[in-house]
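Atoms within a ligand are numbered from 1 in the order they appear, just like the ligands themselves. Small disclaimer: the values here were computed from a predicted structure and weren't measured.
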Amino acid sequence: MENTVVGAFGHPSLVARRASLRRNKKSSRLPAGAAASYRLNSPSRRIKAVDTNSQDLNVHLEARAESAADTINPALKGSVWPSPSDETPFWKKEFPTWDVSVEVPADVEKDSDLMHIIHVTAEMAPIAKVGGLGDVVTGLARACLSRGHTVDVVLPFYECIEKRQITDLTLITTYNSFHDGDWIPTNAYRGEVSGIPVIFVEPSNQFFKGKYVYGGSYNELEAYIFFSRACLEWMQVTGVQPDIIHVHEWQTSALPLLYWDMYHQLSLKRPRITLTIHNMEHYGECRQEQLSKCGLDGAIYATTDRAVDDRTIGHNPERLSLLKGGIVYDNARSTVSPTYLKETLCSGWLSSTLIRNRDKYFGILNGIDTAIWNPATDIYLPVKFNAQKLEGKKFCKNYVQKGLGLPVESAGIVEGKDVVNGTQRKVPLVVCITRLVAQKGLHLITHAIKNVEELGGQMVVLGKAPDDRVEREFKDLADLYNEGPAIRILLMYSEELSHMLYAAADMVLVPSLYEPCGLAQMIGMRYGAVPTVRRTGGLADTVFDIDDHSNSHMANGFVFDGIDEGSLNGALDRAFSLYKNKPDEWTGLVRKAMERDNSWNNTAGNYIEVYNSVRVR
Ligand code: ADP
């Protein structure tokens, strides 16, 4: 699979293009502070790209900024337009800190039957986020807090966490937790992140040290098993007994085993455990002796009805799956969309375990955290906007185009003439913001890059590849395309830039091979970027094709089915055609997408129902 995908980069047309671009290549330079692979056009090319009628254009852009001046970001007032040659890239400027406490919606109804929920998780946005898991924990926690419940998040105190993003950080407990025959001195801190109470667990060994959330030079599996026990140990030491312990993914799936087979036998009686599966592909493969390091006897879980990885039965040695153990030992489990629930029951080696435990398995659609993802208040945007006042969105597009050295439009028309028709061109900006892994449809992303350029659009890919091979392939593409006037491939993680790109984009592309829920399409909609997606998992539950007349009241984007390039082309063609030829319809679609409620207010209630179905009164 991986080979097929990577092989797609060697497509003959790309090879030809590579050769032609090499011939034309001019010297390029890296903007200060940007990733090595982030190459933009040389200054001379850049000036050429935007210089046509530059005086008029600048006057137009300044006027546009002024017309949106009431919402202009104070951090940017009086500053000039960004440029790729800026010493500090525009997404690395100093931004004000979030004050989300004011964002808690006053109109949310409080629940009458309140409870205490503790999320135990490997990620939390924005301080320890790699993908959607971090967003979901923060958004769901905030939604339950605003319904009146008591909510805490427990997170490893990763060395890479920026402490300035934590309010009132205080050491609250020093205790010992068990690992591999030793009791490890461990600190628990309390603080607040984006309005949400968080307990940070900091062991005194090497666990969770390093520059990133994942991939430190310690044994990750053992670190998360340790963390799972350390959370329960902290509850036991402090006497905290929530109604619900909500664990997420394989990283914290050892907790249900530890709870029922150890801590419930000790002093923790009240909590019940729910597990959310965000992505079935990651199942926490584990050797018996690794699990034994937390003090459980790994051997007793090596049975089909407990945690043995069914695919390894008869192998020497057989393996365990922490995720399977979690599914067997939790009180209820959920996954992140109704369609993904069906998909996981029908395929994959864990389906038989899920079917056996079907009665308490729920498909609950993720929401987005509308306090953080709100174009009307977003601290990272140069100008804010909303569905009624879209002027600011156009400004954001121009801002990003200028900052990345892409030709800038004036009043929706890019400077320059269409070479074929002699008319002025309208240039849609497509963004794809994603982890660069096979699941995300890498061959479709690379194909879209080519296709968008051919269709006369612009495209920005913001992505990070955990796999070196994929990173190299995309770096080659970046070298090839970032010199040109249409495509920017930025191989890095940047929360700030992601906000600006969603705001700038006309379209957001999510061509995943499978997608448990997907947040990019929902965030895109909230920021007025019309989604083009493959019909799978949560994408099928949130994006409805505008040409599907059986469902026209829901229509909000472009959907394709196949995993071939032709299917993607069809959807992009339709999107480009509407954008270019029917601007009023397009604006209507943008407004409709923005007005769709993808917030947690819609779905957090389903989680509360699940919690209520298992809690002890
Ligand atoms: P997954 O959880 O599989 O990564 P989702 O669509 O559920 O996919 O969530 C992805 C989240 O991570 C979104 O908030 C998206 O904006 C963000 N994201 C992904 N890649 C990057 C990146 N390179 N820089 C900034 N944000 C990113």
Side-chain angles (χ1 to χ4, degrees), residues 34-35 37-38 89 91-92 121-140 194 212-214 248-251 276-282 335-337 339-340 364-375 378 380 400 431-442 445 460-467 470-471 474-475 478 488-505 508-527 529 531 533-534 536-543 598 600:
S37 51
Y38 168 47
W91 62 89
K92 287 194 174 169
T121 172
E123 289 185 38
M124 180 192 188
I127 55 167
K129 169 179 158 181
V130 177
L133 168 62
D135 286 307
V136 168
V137 168
T138 303
L140 177 58
S194 161
Y212 303 106
V213 169
Y214 301 129
H248 300 264
E249 298 289 68
W250 70 266
Q251 285 96 337
T276 296
I277 303 163
H278 298 255
N279 191 332
M280 198 71 76
E281 284 299 290
H282 311 300
T335 192
V336 289
S337 71
T339 298
Y340 193 59
I364 305 176
L365 195 63
N366 282 337
I368 53 172
D369 185 350
T370 46
I372 300 255
W373 295 108
N374 183 354
D378 193 319
Y380 300 130
V400 164
V431 300
C432 180
I433 301 169
T434 182
R435 292 181 299 116
L436 292 169
V437 293
Q439 169 202 342
K440 301 296 180 179
L442 296 178
I445 295 174
V460 181
V461 177
L462 173 63
K464 201 158 159 45
D467 180 319
V470 177
E471 168 88 16
F474 271 88
K475 196 168 171 315
R488 296 293 177 264
I489 299 166
L490 311 175
L491 299 180
M492 61 185 175
Y493 183 91
S494 167
E495 189 69 18
E496 295 85 346
L497 182 56
S498 75
H499 284 243
M500 294 187 205
L501 289 177
Y502 286 119
V508 60
L509 176 68
V510 192
S512 306
L513 302 186
Y514 75 92
E515 191 59 76
C517 179
L519 297 176
Q521 80 283 11
M522 292 199 263
I523 300 170
M525 281 188 244
R526 177 119 167 116
Y527 282 67
V533 307
R534 223 191 122 240
T536 178
L539 299 173
D541 294 328
T542 51
V543 183
N598 283 314
W600 276 104

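Taking the six-membered ring for Trp, Tyr380 and Trp91 have ring centres at least 6.0 Å apart.
Residues Met522 and Trp373 form no side-chain contact, since every pair of their non-hydrogen atoms from C-beta on lies 4.5 Å or further apart.
Between the side chains of Thr138 and Asp369, no donor N or O sits under 3.5 Å from an acceptor N or O.
The aromatic rings of Tyr502 and Tyr527 sit tilted relative to each other, their planes meeting at an angle between 30° and 60°.
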Atom pairs, nitrogen or oxygen, ligand 1 to protein, under 3.5 angstrom:
unit_1   : atom_1 : unit_2 : atom_2 : d
ligand 1 : 2 (O)  : Gly132 : N      : 2.6
ligand 1 : 3 (O)  : Arg435 : NH2    : 2.8
ligand 1 : 3 (O)  : Lys440 : NZ     : 2.7
ligand 1 : 4 (O)  : Arg435 : NE     : 2.7
ligand 1 : 6 (O)  : Leu519 : N      : 2.8
ligand 1 : 6 (O)  : Ala520 : N      : 3.4
ligand 1 : 7 (O)  : Leu519 : N      : 3.3
ligand 1 : 8 (O)  : Lys440 : NZ     : 3.1
ligand 1 : 9 (O)  : Gly132 : N      : 3.2
ligand 1 : 14 (O) : Lys129 : NZ     : 2.9
ligand 1 : 14 (O) : Asp135 : OD2    : 2.7
ligand 1 : 16 (O) : Tyr502 : OH     : 2.7
ligand 1 : 23 (N) : Met492 : O      : 2.9
ligand 1 : 24 (N) : Ser494 : N      : 3.1

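For the pair Lys464 and Phe474, the cation-pi test (distance below 6.0 Å, angle within 45°) is failed.
The existence of a salt bridge linking Glu496 and Lys92 is excluded, since no basic side-chain nitrogen approaches an acidic carboxylate oxygen closer than 4.0 Å.
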